[in-house]
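As structure tokens, the structure follows; a few thoughts come after it.
Values in this document were obtained by computation on a predicted structure and should not be read as measured data.
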Amino acid sequence: MASPKWFYEFSGKCLPWVGGLALIGVLTGIIWGLLFTPPDYLQGNSYRIIFLHVPSASLALTVYVSLAISAGIGFIWKIKLADLAAKCLAPIGASFCALALVTGAIWGKPTWGTWWVWDARLTSMLILLFLYLGLIALREAITSQDTAARACAVLSMVGLVNIPIIKFSVDWWNTLHQGATIKVTKGASMAPEMLIPLLISIFAFYLFCLFVFLIRLRTEIVSREQRTSWVRGMLGVRS
């Protein structure tokens, strides 16, 4: 798995399947959720943005944890592919985090009567977006790839402290943000006709994230390994 050549060849075989399943899942979950689920008895139709908001928010956290783990592996064991993975995950996570904040604001306007409040959950999610943007900017600001990898690894691992704050903010503080809809230890607080398309959307968004990640990582591998014989041979470049 740590070999760029092996990963590039293996991911190329998986890419069409991941992309196809992601497309089917996203279309199914979003269309089902937006058009065919019943209105909520309290929020009416405004709750339907949950089928975009919840998957995006979930991915924003998951991608950051994956990024920090990858960066840590690259920092400790000097595995080049792990650092490339961390580099590719940062803009993906930033995009999902921004989408979660925007959809949350759209949902908050009819629910809370305002686009934004300095709620514990919202504020900690905004900090997460700043962490993503900081990692992207830090890597671009440092010329040396090795130095940039070490600096980003340290920052990303320090930033992990924000993840449990985001996750448990609604339990630790009195916030406007509602509690978790889906819990591992308890049953979901949604009707099945709403829960099923939400689960499909979450699963499909994760597949879409994986699809984009594989494309970005494959591109980064070719760029970083362009002088190796296997890349030159694949591109038809003569020595």
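Here the SG atom belonging to Cys209 is positioned 9.5 Å from the CG atom belonging to Leu214, to the nearest 0.5 angstrom. The CD1 atom of Ile165 lies 11.0 Å from the OG1 atom of Thr123; values are rounded to the nearest 0.5 Å. We find the OG-CE distance between Ser229 and Met234 to be 11.5 Å, quoted to the nearest 0.5 Å. One finds the CG atom of Leu207 at 6.0 Å from the CG atom of Leu21 (value rounded to the nearest 0.5 Å). The SG atom of Cys88 lies 11.0 Å from the CD1 atom of Ile215; values are rounded to the nearest 0.5 Å. Of the inter-residue distances, the one linking Cys97 atom SG with Ile92 atom CD1 reads 14.0 Å to the nearest 0.5 angstrom.
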Item to complete: Evaluate the criterion side chain to side chain contact (heavy atoms under 4.5 Å, CB included) for residue pair Tyr132 and Leu67; output intermediate values, then yes/no.
Response: CA-CA 10 Å; Tyr132 275 125; Leu67 182 157; 4.1 Å; yes
Practice prompt. Evaluate the side chain to side chain contact (heavy atoms under 4.5 Å, CB included) criterion for residues Tyr47 and Thr37: first the C-alpha distance (whole Å), next the side-chain angles of each, then the deciding distance (0.1 Å), finally the verdict.
Written response: CA-CA 10 Å; Tyr47 88 98; Thr37 55; 3.0 Å; yes
Worksheet item: Leu61 and Met125: side chain to side chain contact (heavy atoms under 4.5 Å, CB included), yes or no, with the steps?
Response: CA-CA 9 Å; Leu61 273 64; Met125 279 295 291; 3.7 Å; yes
Worksheet entry | Pair Thr62-Tyr206, side chain to side chain contact (heavy atoms under 4.5 Å, CB included): steps then yes or no | CA-CA 9 Å; Thr62 302; Tyr206 270 80; 2.6 Å; yes
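No side-chain heavy atom of Leu52 sits less than 4.5 Å from a side-chain heavy atom of Leu34. Annotation: side chain of Thr103 is not in contact with side chain of Phe51 (no heavy-atom distance under 4.5 Å). Phe208 is listed as a side-chain neighbour of Phe96, based on a closest heavy-atom distance under 4.5 Å. Side-chain contact between Tyr8 and Glu225 is absent, with no heavy-atom pair separated by less than 4.5 Å. You'll find the side chain of Leu23 stays beyond 4.5 Å of the side chain of Phe211, heavy atoms only. Here the side chains of Lys109 and Thr114 are not in contact, with every heavy-atom distance at 4.5 Å or above. In this structure the side chain of Arg218 reaches within 4.5 angstrom of the side chain of Leu15, judged on heavy atoms. Side-chain atoms of Leu81 and Leu217, non-hydrogen and from C-beta on, do get closer than 4.5 Å to each other.
Judged purely by atom type and a 3.5 angstrom limit, Ser223 has no side-chain atom pairing as donor or acceptor with the backbone of Thr219. The main-chain N or O of Ser66 is found under 3.5 Å from a side-chain atom of Ser70 such that the two form a donor-acceptor pair. Judged by distance alone, with hydrogens and angles left aside, the side-chain atoms of Arg48 form a donor-acceptor pair with the main-chain N or O of Gly33 at under 3.5 Å.
Under the rule for a salt bridge (charged side-chain N to carboxylate O under 4.0 Å, His left out), the partners of Arg139 that lie at least two apart in sequence or sit in another chain are Asp83. Under the salt bridge (charged side-chain N to carboxylate O under 4.0 Å, His left out) criterion, Glu193 pairs with no residue at all, not counting sequence neighbours. When the side chain to side chain donor-acceptor pair (under 3.5 Å) test is applied to Gln145, the partners found at least two apart in sequence or on another chain are Arg224.
Nearest approach of Ala60 to Leu128, heavy atoms of both residues: O-CD2, 3.8 Å. Residues Pro192 and Pro197 share a closest heavy-atom pair of O-CD, 4.2 Å. A pairwise comparison of heavy atoms in Ile196 and Trp32 identifies CG2-CH2, 3.4 Å as the closest pair. Of all heavy-atom pairs between Ala153 and Ser156, the closest is O-OG, 2.9 Å. Closest approach of Thr111 to Ser46, counting heavy atoms only: OG1-OG, 4.3 Å. Across every non-hydrogen atom of Leu160 and Tyr64, the tightest pair is N-CE2, 3.8 Å.
The aromatic rings of Trp6 and Phe10 lie parallel to each other, their planes meeting at an angle below 30°, with 60° marking the opposite boundary.
A chain of hydrophobic side-chain contacts below 4.5 Å, direct or via other Ile, Leu, Val, Met, Phe, Trp or Tyr residues, connects Val158 to Leu138. Cluster membership check: Leu89 shares its hydrophobic cluster with Ile76, using side-chain heavy-atom separations under 4.5 Å among Ile, Leu, Val, Met, Phe, Trp and Tyr. Note on Phe205: it does not cluster hydrophobically with Trp17, by side-chain heavy-atom contacts below 4.5 Å among ILVMFWY residues. Under a hydrophobic-cluster definition in which Ile, Leu, Val, Met, Phe, Trp and Tyr are linked whenever side-chain heavy atoms come within less than 4.5 Å, directly or via other members, Trp115 and Ile49 are assigned to the same cluster. Under the 4.5 Å side-chain heavy-atom criterion for grouping Ile, Leu, Val, Met, Phe, Trp and Tyr, Trp112 is connected to Leu126 within one hydrophobic cluster.
Within a 6.0 Å radius of CH2 in Trp116, more than 12 heavy atoms belonging to other residues, nucleotides or ligands are found. Other residues, nucleotides and ligands contribute more than 12 heavy atoms inside 6.0 Å of the CZ atom of Phe7.
Salt bridge status for Glu9 with Lys5: present, with a side-chain N to carboxylate O gap under 4.0 Å.
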